[in-house]
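Positions are given from 1, in the same order as the sequence printed here. As a basis for the values below, the full set of heavy atoms in this structure was taken, side chains included, without hydrogen atoms, waters or symmetry mates.
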Amino acid sequence: MTGLLLRLYPRPWRIRYGAELEELLVASSGGRVSWRDGLDVAAGAFRERLRAAGLAGDPPPAERTRGGALLVLCAWALFVVGGVGVQKFSEHWQGAMPNGGHGVPFDAFDVLIGGAAVGSALVVAGVVAALPALLRFLRDGGWPLVRPHLVAASVLTVCAGAGVAGLALWAHGLTGPQRNGSDAAYTAVAVLVALLLAACVLAWTAAAVACGRRLHLTHGTLRLEAMLAVGVVAAMAAMTAATAVWWAALARSADPAFFGGSAVAPQLLVATLLMLAATLSGALGARQAVRGALAA
């Protein structure tokens, strides 16, 4: 138990203070850590993670900008997971509308699609801006430090690709109702593939954070990353609002059968809440990034 709790702390902190904390926990609990002590240790680990990411305490401006930008990247990954849930739920939604392709839900959905394109482009721009520093880092011997993250992300990508290809072949021989829930085996495998894709997104995000924390970025690059972070959060906010408007307009106008009898669709609710949580987290990161860039 103590070993698991220590793993919650950043590695540099564990190297410096981990043995002392482990001795303290063993001495105070006799080897059985109470849930109260466990919560206290976990809360301390969370604070140290924030401090290491430049999001707490009084870090140098450059580290504050870096940490804020990386938090926005993590928020974007969570947002993508929620967005995929919305995309899956919205398949063929136009067919449930009574009056053709116009009106509020269509406009809101266009904003959602446009926001996704803009946000993705800004994230890619941020990666490209940091690419020269990444290549220098790897050339100077940084590969062993980030290899586990990159290898894990690559393996998950191969597995996810194989899962998607297999699911597509399977779906080709099924009817529409079977693909939409009547075939229990297909539905179960589809859920597993979706979880694998989400794990793939999170693994690449973890790899990007592991690399980004170690890169030497110039002041100009950090300022650019801060501006891109603001743009990404603006896109996330627009997409979240568009999703809410689209959902409300759809519930008012669409065929009730599209929602399965209730406009409060659990899948859509969870996805939208994930998008909202990601947007709020991203806003915190963008604020930190801009403050760090302005203070530098």
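Residue Leu228 holds its CG atom at 10.5 Å from OG1 of Thr221, rounded to the nearest 0.5 Å. His219 contributes atom NE2, which lies 11.5 Å from atom CG of Leu224 (distance to the nearest 0.5 angstrom). A distance of 9.5 Å separates OG in Ser281 from CG in Leu276, rounded to the nearest 0.5 Å. Between atom CE of residue Met227 and atom CD of residue Glu225 there is a gap of 9.5 Å, rounded to the nearest 0.5 Å. The CZ atom of Arg147 sits 12.0 Å away from atom CG of Leu138, with the distance rounded to the nearest 0.5 Å. Here CG of Leu78 is found 10.5 Å from CE of Met275. Values are rounded to the nearest 0.5 Å.
Paired with Val86 under the rule side-chain contact (heavy atoms from CB on, under 4.5 Å), one option of Leu268, Thr240, Val270 passes, and it is Leu268.
In this structure, the side chain to side chain contact (heavy atoms under 4.5 Å, CB included) partners of Ala226, at least two apart in sequence or on a different chain, are Thr65, Ala289, Ala293.
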Go through Leu174 and Asp183 one step at a time and tell me if the side-chain contact (heavy atoms from CB on, under 4.5 Å) criterion holds.
-> CA-CA 9 Å; Leu174 299 178; Asp183 189 314; 3.9 Å; yes
*asked:* Please evaluate residues Trp246 and Val111 with respect to the criterion side-chain contact (heavy atoms from CB on, under 4.5 Å), reporting the C-alpha separation (whole Å), side-chain torsions for both, the decisive distance (0.1 Å), and the verdict.
replied: CA-CA 10 Å; Trp246 170 79; Val111 172; over 6 Å; no
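When all heavy atoms are compared, the tightest approach of Val193 to Gly163 is CG2-O, 3.9 Å. Taking each heavy atom of Ala199 and Leu156 in turn, the nearest pair found is O-CD1, 3.7 Å. Nearest heavy atom pair, residue Leu8 against residue Ala45, reads CB-CB, 3.5 Å. Nearest heavy atom pair, residue Ala271 against residue Gly82, reads CB-O, 3.2 Å. Across all non-hydrogen atoms, the minimal contact from Leu217 to Ala133 is CD2-CB, 3.6 Å. Nearest heavy atom pair, residue Leu73 against residue Thr205, reads O-CG2, 4.1 Å.
Proximity of a side-chain donor or acceptor of Ser90 to a complementary backbone N or O of Trp93 within less than 3.5 Å is not detected. In this structure, Arg64 contributes its side chain and Gln288 its backbone to no donor-acceptor pair below 3.5 Å. Put simply, the side chain of Arg66 never gets that close to the backbone of Leu222: no donor and acceptor are under 3.5 Å apart. Here the side chain of Arg213 pairs no donor or acceptor atom with the backbone of Leu70 at under 3.5 angstrom.
With hydrophobic clusters built from ILVMFWY side chains whose heavy atoms lie under 4.5 angstrom apart, Val164 does not share a cluster with Val155. By the rule that hydrophobic residues join a cluster once side-chain heavy atoms approach within less than 4.5 Å of another member, Leu250 and Ile113 end up as members of one cluster. In terms of hydrophobic clustering, with Ile, Leu, Val, Met, Phe, Trp and Tyr side chains grouped at heavy-atom distances under 4.5 Å, Phe79 and Val245 are assigned to different clusters. One hydrophobic cluster, built from ILVMFWY side chains closer than 4.5 Å, holds both Trp143 and Leu145. Note on Leu135 and Val209: separate hydrophobic clusters, where clusters join Ile, Leu, Val, Met, Phe, Trp and Tyr whose side-chain heavy atoms are under 4.5 Å apart, directly or indirectly.
For Arg14, the CZ atom is densely surrounded, since the number of other residues' heavy atoms within 6.0 Å is greater than 12. In Arg16, the CZ atom is not crowded: 12 or fewer heavy atoms of neighbouring residues, nucleotides or ligands sit closer than 6.0 Å.
At a threshold of 4.5 Å between non-hydrogen side-chain atoms, the residues Cys159 and Leu196 count as touching. Side-chain contact check for Trp76 versus Met236: some heavy-atom pair is nearer than 4.5 Å.
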